[in-house]
Amino acid sequence: MKIIEAHGLGLRTRRGWVYRDVDLGAEAGELHAVTGPPGSGRTSLLLALAGRFPHTHGELRRRGPAALGQVAGVHEPDPTLTVAEHIQERLLLLGPVPRRRRQLVPVAAVRARRAYRRDAFAAAIAGAGFTDAPLDPDRYGRDLTPVERQVLGLVLASLSGPNLIVADDVDAGADAPERAWIWAALTRLADQGYAVVASARAVEPGATAITHRIGDPALPGPALVAPRAAAEADLTPEVTA
């Protein structure tokens, strides 16, 4: 079942193209990787796929809810909360899964939301399939490493039982073993039935991800603006006479 379909997707502001001509279709159970150099529009594209940022060109269809993992400057851990407190807070905000939606939410997410009063951390980690995660429940958000931020973001995203999970810059600040772990973790999420789209500078060798490269400087392409600059840019589409 197709969860996300993008055809000719693009974002152009008065400062130029952020990204353009993106075709991406992800089914439930698939892991997709959006790669490209810094400033290629990866972050803006992922936010658009999740319904959190506009696009000006092309078509985008999404089936069911989407959840954000770690997106620097947009969706990050609270520096004053521990990992366990992040999970407890998210579960309290979500509440129990309504009976009418239980057939639509992964069993692991339902179990985690039922168990929050007993052991929210263990239930959430197990539900995401991250029992080997390098994550200390008592560590504060301000002290998390880049990889720990990614792990926490993915765990929190899985709790709502979305159809689509997106995570940005999953290889940022990670060494080779950490990159191998995070790509294996993303694969495990996809194996649970989520459609997963992650951005990175490159896909780790051996990772079973469908790769989409954007903003390749070796190819003729649009004038790009950095993702953070795009968020501040005038997003009014250009009008031609």
Side-chain angles (χ1 to χ4, degrees), residues 19 24 26 30-47 49-50 52 66-79 81-84 86-87 90 121 124-159 162 164-192 194-217 226-228 231:
Y19 59 86
L24 187 153
E30 288 185 344
L31 169 60
H32 289 247
V34 176
T35 67
S40 59
R42 290 180 285 141
T43 300
S44 297
L45 173 59
L46 257 67
L47 290 173
L49 295 177
R52 306 296 182 89
L68 294 182
Q70 161 77 7
V71 181
V74 176
H75 197 255
E76 297 183 295
D78 186 319
L81 296 180
T82 67
V83 168
H86 275 93
I87 291 171
R90 181 64 58 87
F121 176 79
I125 293 294
F130 294 171
T131 52
D132 59 342
L135 204 58
D136 180 347
D138 298 321
R139 194 172 177 89
Y140 282 93
R142 61 175 172 266
D143 299 323
L144 296 177
T145 67
V147 172
E148 290 170 338
R149 286 170 170 260
Q150 290 289 347
V151 175
L152 177 58
L154 293 171
V155 170
L156 294 175
S158 72
L159 292 176
L164 172 68
I165 294 176
V166 304
D168 190 36
D169 272 342
V170 296
D171 55 353
D175 58 23
E178 290 171 332
R179 291 194 301 270
W181 189 92
I182 199 72
W183 283 107
L186 291 166
T187 299
R188 291 201 295 271
L189 274 180
D191 288 343
Q192 292 186 50
Y194 300 107
V196 181
V197 182
S199 79
R201 294 192 181 189
V203 177
E204 192 69 8
T208 56
I210 301 168
T211 304
H212 311 265
R213 185 165 182 84
I214 63 173
D216 193 331
R228 289 184 186 278

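For the pair T145 and R139, the minimum side-chain heavy-atom distance is below 4.5 Å. The side-chain heavy atoms of T35 and H212, taken from C-beta on, include no pair separated by under 4.5 Å. Taking 4.5 Å as the limit, every side-chain heavy atom of R179 sits out of range of all side-chain heavy atoms of P205. In this structure, the side chains of V197 and L45 stay at 4.5 Å or more apart for every pair of heavy atoms. For the pair V83/D136, no side-chain contact is recorded, criterion being any heavy-atom separation below 4.5 Å from C-beta on. Side-chain contact between L46 and V71: absent, with no pair of heavy atoms (C-beta onward) separated by less than 4.5 Å. In this structure the side chain of L31 never reaches within 4.5 angstrom of the side chain of Y194, judged on heavy atoms. L47 places none of its side-chain heavy atoms less than 4.5 Å from the side chain of R42.
V203 approaches A33 most closely through the heavy-atom pair CG2-CB, 3.5 Å. When all heavy atoms of I165 and P162 are compared, the closest pair comes out as CG1-CG, 3.7 Å. Scanning all heavy atoms of the two residues, the minimum distance from I214 to S40 falls at CD1-O, 3.4 Å. Residues R188 and G129 share a closest heavy-atom pair of NE-O, 2.8 Å. Minimum interatomic distance between D78 and H86 (heavy atoms only, all atoms of both residues): N-NE2, 2.7 Å. V196 approaches L186 most closely through the heavy-atom pair CG1-CD2, 3.9 Å.
A salt bridge does not link R149 with D169: none of the charged nitrogens is closer than 4.0 Å to a carboxylate oxygen.
In this structure, CG on L164 lies 11.5 Å from CD on E30, to the nearest 0.5 angstrom. Taking NE2 from H32 and OG from S199, the interatomic distance works out to 14.5 Å, rounded to the nearest 0.5 Å. The distance from the CG atom of L159 to the CG atom of L154 is 11.0 Å, given to the nearest 0.5 Å.
Remark: side-chain polar atoms of Q150 are paired, donor with acceptor, to backbone N or O of D168 under 3.5 angstrom. Q192 places a side-chain N or O within donor-acceptor distance of the main-chain N or O of A128, the cut-off being under 3.5 Å. Side-chain atoms of R201 do not come within 3.5 Å of backbone N or O of P38 as any donor-acceptor pair. For the pair S44 (side chain) and G41 (backbone), a donor-acceptor distance under 3.5 Å is absent.
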**Study point:** Stepwise side chain to side chain contact (heavy atoms under 4.5 Å, CB included) test for Y140 and L81
**Key:** CA-CA 5 Å; Y140 282 93; L81 296 180; 5.8 Å; no

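Defined by atom type and a distance below 3.5 Å, a donor-acceptor pair is missing between the side-chain atoms of D171 and W183. Between the side chains of T82 and D138, no donor-acceptor pair of N or O atoms lies under 3.5 Å.
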